[in-house]
Chemist: 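Dropping the structure in here first, questions after.
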Amino acid sequence: MQKLSRKFFDRCAVEVAKDLLGKVLVVGDCSGRINEVEAYKGSEDPASHAYLGITERNKPMFGKSGHFYVYFTYGMYHCLNIVTEIDKSPSAVLIRSIIPLSGIDIMQKRRGKDNNLTNGPGKLCIALDINKKKHNNLDICKNNDCYIYDDGFLPKHIKSSSRIGIKKGLEQKWRFFYDE
DNA sequence: TGAATGATCACG
DNA sequence: GTGATCATTCAT
């Protein structure tokens, strides 16, 4: 079980995004394997929250890599990102979907009736009880409750497409996922 | 296809 | 302050 270090996250967001596929995200008593992500870069990416510069919300993206960036959207949902790249380069990887591994009963309880526990950015934050107050800007390289580790699993075929739910930056195929 | 639902942002 | 927007989800 190799816990991912700062060095892993300190690279181009697109590379980190691809390499995060198959890794295991741990948040408290729950965990799941990452199977869908999106990369968001800073000044060169009009779809990124960081495109227009630093604000109160996107501040974590301008900080050190290996931190959570959690934001609240559509008045109802949280989304989870991992900050990447060196120092002040404001990039991040959005975790869009995970496959539940442990703490499934807890996640079931939090999500209610729906069988699809964690197959969407808003859903997985509900299942893992991720919110801005507790998790935003958390250093996942130095935390014992929240971190990502490599258990040796390698996705067979990684696919890519345009990112979901955005109007700008559709030409970049920075959504990455795998089926098996 | 559209309603839910409120933080966030740019503007002034 | 104000109005538009929004890296979503769920029920029609």
Side-chain angles (χ1 to χ4, degrees), chain A residues 9 11-21 23 25 27 30 32-63 65-85 88-100 104 106-138 140 146 148 158-178:
Chain A
F9 300 107
R11 297 177 292 142
C12 168
V14 174
E15 296 308 309
V16 175
K18 282 188 270 193
D19 289 346
L20 276 175
L21 291 174
K23 304 296 189 289
L25 170 68
V27 177
C30 303
R33 192 178 305 285
I34 298 167
N35 68 335
E36 184 183 346
V37 297
E38 286 176 357
Y40 286 89
K41 306 196 80 172
S43 48
E44 57 192 286
D45 179 7
S48 171
H49 285 173
Y51 185 58
L52 295 176
I54 190 167
T55 66
E56 189 57 36
R57 175 178 66 163
N58 64 25
K59 207 184 285 179
M61 289 183 75
F62 288 79
S65 60
H67 285 60
F68 278 162
Y69 164 45
V70 179
Y71 65 89
F72 188 65
T73 191
Y74 291 106
M76 298 183 211
Y77 301 106
H78 289 277
C79 289
L80 173 68
N81 295 253
I82 317 294
V83 177
T84 68
E85 292 193 9
K88 291 184 168 57
S89 180
S91 302
V93 176
L94 171 70
I95 309 297
R96 288 195 59 86
S97 175
I98 64 175
I99 299 164
I104 296 176
I106 301 172
M107 294 195 269
Q108 199 97 245
K109 217 163 204 169
R110 289 175 182 150
R111 285 275 298 125
K113 193 169 176 272
D114 193 347
N115 288 348
N116 298 311
L117 260 34
T118 54
N119 64 340
K123 297 186 200 178
L124 72 89
C125 283
I126 295 171
L128 297 174
D129 195 25
I130 289 170
N131 61 69
K132 197 166 173 167
K133 192 169 184 183
K134 278 189 350 204
H135 299 99
N136 193 30
N137 210 24
L138 191 74
I140 61 167
C146 302
I148 299 175
I158 292 177
K159 302 177 187 177
S160 68
S161 78
S162 293
R163 292 167 291 178
I164 308 290
I166 56 173
K167 296 195 179 91
K168 298 172 186 168
L170 289 169
E171 59 279 9
Q172 283 95 344
K173 305 288 190 261
W174 286 346
R175 168 178 176 246
F176 302 101
F177 58 102
Y178 64 92

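By convention in this document, chain letters (A, B, ...) are assigned in the order of the sequence lines, proteins followed by strands, and residues within each chain are numbered from 1.
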Chemist: With sequence neighbours excluded, tell me which residues meet side chain to side chain contact (heavy atoms under 4.5 Å, CB included) with A:Ser43.
Modeler: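 By the side chain to side chain contact (heavy atoms under 4.5 Å, CB included) rule, A:Ser43 matches no residue at all.
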Chemist: Only counting residues at least two apart or in another chain, list the ones meeting side chain to side chain donor-acceptor pair (under 3.5 Å) with A:Lys132.
Modeler: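 Not a single residue meets the side chain to side chain donor-acceptor pair (under 3.5 Å) criterion with A:Lys132.
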Chemist: List in chain and number order the residues that pass ring-ring contact (aromatic ring centres under 6.0 Å, His included) with A:Tyr51, two or more places apart in sequence or in another chain; answer none if no residue qualifies.
Modeler: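 For A:Tyr51, no residue satisfies ring-ring contact (aromatic ring centres under 6.0 Å, His included) once neighbours in sequence are set aside.
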Chemist: Listing request: all side chain to side chain donor-acceptor pair (under 3.5 Å) pairs with a residue in residues 67-78 of chain A, at least two apart in sequence or in separate chains.
Modeler: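 Residue pairs with at least one partner in residues 67-78 of chain A: A:His49-A:Tyr69.
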Chemist: Could you list all the side chain to side chain donor-acceptor pair (under 3.5 Å) pairs where at least one residue sits in residues 108-117 of chain A, not counting sequence neighbours?
Modeler: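 Every pair satisfying side chain to side chain donor-acceptor pair (under 3.5 Å) with a residue in residues 108-117 of chain A: A:Arg111-A:Asp114.
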Chemist: Side-chain contact, heavy-atom cut-off 4.5 Å: A:Leu117 with A:Ile98?
Modeler: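 No; the side chains remain at least 4.5 Å from each other.
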Chemist: Any chance you could list the contact pattern along nucleotides 3-12 of chain C? Use B for base contacts, S for sugar-phosphate-only contacts and - for none, protein heavy atoms under 4.0 Å, 5' to 3'.
Modeler: ---BBBSS--
Chemist: Of all nucleotides in DNA chain B with an atom under 4.0 Å from a non-hydrogen atom of chain A, which is the first and which the last going 5' to 3'?
Modeler: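 In short, chain A contacts DNA chain B from B:dA4 to B:dA10.
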Chemist: Using the side chain to side chain donor-acceptor pair (under 3.5 Å) criterion, which residues pair with A:Asp45? Sequence neighbours excluded.
Modeler: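 If we apply the side chain to side chain donor-acceptor pair (under 3.5 Å) test to A:Asp45, skipping adjacent residues, the hits are A:Arg163.
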Chemist: Are there runs of at least three consecutive Watson-Crick or G-U pairs touching DNA chain B, with each pair's two distances under 3.5 angstrom? Give them by first number.
Modeler: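 Output for stems: B:1-4 with C:8-11, B:6-11 with C:1-6.
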Chemist: Partners of A:Lys168 by side chain to side chain donor-acceptor pair (under 3.5 Å), sequence neighbours excluded?
Modeler: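 By the side chain to side chain donor-acceptor pair (under 3.5 Å) rule, A:Lys168 matches no residue at all.
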Chemist: Once ring-ring contact (aromatic ring centres under 6.0 Å, His included) is applied, do any residues pair with A:His135, and if so which ones, sequence neighbours excluded?
Modeler: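 Residues passing ring-ring contact (aromatic ring centres under 6.0 Å, His included) with A:His135: none at all.
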Chemist: A:Lys123: what forms a side chain to side chain donor-acceptor pair (under 3.5 Å) with it, not counting sequence neighbours?
Modeler: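 Expected list: A:Asn119.
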